[in-house]
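All residue numbers in this chain count up from 1 along the given sequence. Side chains are part of it too, since the values below use all heavy atoms of this structure and drop only hydrogens, waters and symmetry mates.
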Amino acid sequence: MKILFFIDSMYAGGKERRLTELMKAFRSNAGMQFELVVMHEEIHYHEIFDLGINIHYLIRKTKKDISVFFKFYKICKNFKPDLVHCWDSMTAVYSIPACTLLNIKYVNGMIVDAPQKQNVFNKNWLRAKFTFLFSNIIIGNSKAGLAAYSAPKRKSFFIYNGFNFNRTNNITATETILEQFDIKTKYVVGMVATFSEYKDYCTYFKAAQILLKNRNDITFLAIGANTESSSAKAFIEHNYMSHFRLLGKRSGVESLINVMDICVLSTFTEGISNSILEYMAMAKPVVASAGGGTDEIVADGQTGFLVVQSDPEAMANKIEILLNDAELRKSMGLKGQERVRTIFSLSHMANSYISLYERTMANKLADIKN
């Protein structure tokens with residue numbers, strides 16, 4: 001089977017990590033041949049260079065560069081894939097003409113979040129409604145995401161992200177990390193996410209400062225692109241700044257998670273969060289905003305706590321409960337790790353994609369069971 005993967009970028013992000021792990025898993029399958037088309041030159045996940053595959057850089061000159069359609073058509077004509085799998089709303093649009101004209105199966109993987117509200121002013125919603133019409137199948141990484149976009153049920157399927165436990169090997173020693181970032185407090189709490197409009201750092205930082213009003217034994221980490229920006233710093237009162245480490249985009253995030261006692265994800269919309277999977281795989285208890293795909297990962301009260309979105313008091317309360325109970329932290333962490341091993345394994349994700357691809361080629365979608 002020949003597959004052409006098409007993605008807007010390979011920056012440090014959830015869907016990019018998922019595609020990277022999927023390609024690594026496919027590389028050992030003799031029946032899978034694939035190439036990658038990416039629309040930006042920067043590659044964060046350098047592992048893909050070790051796969052020995054063709055990588056096509058399809059760079060736009062302007063936002064409305066229609067030559068992308070022709071260039072992608074040419075790539076498809078030369079490679080002759082059995083199916084094209086796009087990974088975001090922009091590449092979903094660019095895939096349509098080539099797949100239609102060359103009779104290539106079109107796998108639409110643009111659903112990676114689960115917004116609570118949709119309207120005609122949301123470009124992703126508009127692109128979804130348009131591209132769904134041409135898609136042979138639609139894949140979301142959560143049930144909540146498919147429901148949020150009202151994806152047509154007859155051709156929509158969810159496949160959970162898979163975590164590669166090999167990533168937990170060769171962890172940098174805790175003492176080294178603590179010394180590197182001058183962390184001397186008893187506890188460390190952290191959040192791994194890009195500082196953006198989709199992540200609710202405001203609530204996380206407010207919750208942190210609520211706790212710091214009454215105790216000084218915690219350091220709070222923020223890890224991800226732009227977390228070191230002036231916009232991020234503006235949420236933190238000057239007298240509390242010494243208790244924060246705003247680290248920006250980092251590689252080797254597993255070593256940083258390893259020093260955390262509690263891991264947080266404060267967000268407005270989420271599909272299946274790779275950050276939460278990383279937390280749980282590292283046996284860390286989670287405090288996360290309820291809603292979307294997060295409800296499908298975190299077993300509330302068992303592997304962590306789900307809190308109402310944008311409620312710093314509630315978030316601070318759950319963090320403090322965990323800080324004050326070492327046994328609960330350990331128990332939740334171990335249960336979360338086991339949950340990742342059984343439900344969110346890399347092998348399960350890869351096998352689910354292969355099964356779906358094969359049935360798509362055989363036009364037997366009605367037989368697929370999630």
Side-chain angles (χ1 to χ4, degrees), residues 9-14 16-17 20 42-47 163 167-212 216-268 270 273-289 312 315-316 319 322-323 333:
S9 75
M10 287 300 292
Y11 298 154
E16 295 88 353
R17 166 60 76 182
T20 298
E42 181 182 344
I43 304 290
H44 176 80
Y45 296 105
H46 290 171
E47 304 103 298
F163 184 83
R167 292 171 54 195
T168 64
N169 299 334
N170 303 315
I171 297 294
T172 303
T174 297
E175 295 77 13
T176 301
I177 297 293
L178 295 178
E179 183 178 356
Q180 179 181 353
F181 298 106
D182 191 29
I183 299 171
K184 298 177 181 178
T185 53
K186 182 177 180 179
Y187 300 109
V188 180
V189 176
M191 175 165 157
V192 180
T194 297
F195 184 85
S196 72
E197 61 183 308
Y198 304 108
K199 308 300 180 184
D200 187 10
Y201 265 104
C202 177
T203 293
Y204 170 54
F205 288 147
K206 283 183 177 180
Q209 289 167 99
I210 289 170
L211 290 165
L212 291 172
N216 62 0
D217 57 351
I218 317 166
T219 297
F220 292 90
L221 307 184
I223 305 161
N226 301 318
T227 53
E228 80 283 31
S229 66
S230 57
S231 296
K233 293 175 182 177
F235 286 115
I236 302 170
E237 294 180 25
H238 179 72
N239 57 309
Y240 293 131
M241 189 61 76
S242 63
H243 285 269
F244 287 85
R245 301 292 183 271
L246 310 181
L247 303 183
K249 184 169 66 174
R250 297 273 171 169
S251 57
V253 69
E254 297 83 8
S255 294
L256 294 169
I257 292 172
N258 190 48
V259 306
M260 299 177 193
D261 297 286
I262 300 162
C263 297
V264 174
L265 187 67
S266 180
T267 186
F268 300 111
E270 204 68 41
S273 165
N274 279 317
S275 290
I276 293 180
L277 291 183
E278 290 164 352
Y279 300 161
M280 291 168 60
M282 297 294 295
K284 302 297 179 178
V286 177
V287 177
S289 304
M315 180 166 285
I319 292 172
L322 287 167
L323 287 173

Under the side chain to side chain donor-acceptor pair (under 3.5 Å) rule, what pairs show up with a residue in residues 228-250, not counting sequence neighbours?
-> Glu42-Lys249
Worked check of side-chain contact (heavy atoms from CB on, under 4.5 Å) between Phe181 and Leu221 | CA-CA 10 Å; Phe181 298 106; Leu221 307 184; 5.9 Å; no
Is there a side-chain contact between Ile262 and Tyr187, using heavy atoms and a 4.5 Å cut-off?
-> no
Is the number of heavy atoms from other residues, nucleotides or ligands under 6.0 Å of Glu179 CD greater than 12?
-> no
Can Leu322 and Val189 be said to form a side-chain contact (heavy atoms from CB on, under 4.5 Å), step by step?
-> CA-CA 11 Å; Leu322 287 167; Val189 176; over 6 Å; no
Is there a side-chain contact between Ile171 and Met282, using heavy atoms and a 4.5 Å cut-off?
-> yes
Closest heavy-atom pair, Ala207 versus Pro312, reported as atoms and distance to 0.1 Å, is CB-O, 3.5 Å
Rounded to the nearest 0.5 Å, how far does CE of Met241 lie from CG of Leu212?
-> 11.5 Å
Is there a side-chain contact between Leu323 and Asp217, using heavy atoms and a 4.5 Å cut-off?
-> no
Hey, could you give me each pair passing salt bridge (Lys or Arg N to Asp or Glu O under 4.0 Å) that has a residue in residues 180-192? Not counting sequence neighbours.
-> Asp182-Lys184
Is there a side-chain contact between Asn216 and Thr185 (heavy atoms, below 4.5 Å)?
-> no
Do the non-hydrogen side-chain atoms of Glu175 and Leu178 ever get within less than 4.5 Å of each other?
-> no
Sorted by first residue and then second, give each salt bridge (Lys or Arg N to Asp or Glu O under 4.0 Å) pair with at least one member in residues 279-289; sequence neighbours left out.
-> none
Mind checking the CE-OG1 spacing from Met191 to Thr267? Nearest 0.5 Å is all I need.
-> 7.0 Å
Nearest-0.5 Å distance that lies between atom CD in Glu278 and atom CG in Asn258 = 12.5 Å
Sequence neighbours left out, what pairs pass salt bridge (Lys or Arg N to Asp or Glu O under 4.0 Å) with at least one residue falling in residues 259-268?
-> none
In sequence, state the C-alpha distance, the side-chain angles, and the governing distance for Leu211 and Phe220, and then conclude on side-chain contact (heavy atoms from CB on, under 4.5 Å).
-> CA-CA 11 Å; Leu211 290 165; Phe220 292 90; 4.0 Å; yes
Taken in chain and number order and not counting sequence neighbours, the residues that satisfy side chain to side chain contact (heavy atoms under 4.5 Å, CB included) with Ala288 are Leu265, Ile276, Val286, Thr294, Leu306
Ile257 side chain near Cys263 side chain, heavy-atom distance below 4.5 Å = yes
Whether Phe205 and Phe244 hold their rings parallel, tilted or perpendicular, with breakpoints at 30° and 60° | perpendicular
Test item: Ser9 and His44 side chains (from C-beta on) under 4.5 Å apart, heavy atoms = no
Whether Ser275 side chain and Ala193 backbone form a donor-acceptor pair below 3.5 Å | no
If you take all heavy atoms of Ser289 and Ser266, which pair is closest and at what distance?
-> OG-CA, 3.3 Å
Tell me, which pairs form a side chain to side chain donor-acceptor pair (under 3.5 Å) where one or both residues lie in residues 194-207, sequence neighbours left out?
-> Lys199-Glu270, Asp200-Thr203, Asp200-Ser310
side-chain contact (heavy atoms from CB on, under 4.5 Å) assessment of Met260 paired with Ile223 | CA-CA 12 Å; Met260 299 177 193; Ile223 305 161; 3.6 Å; yes
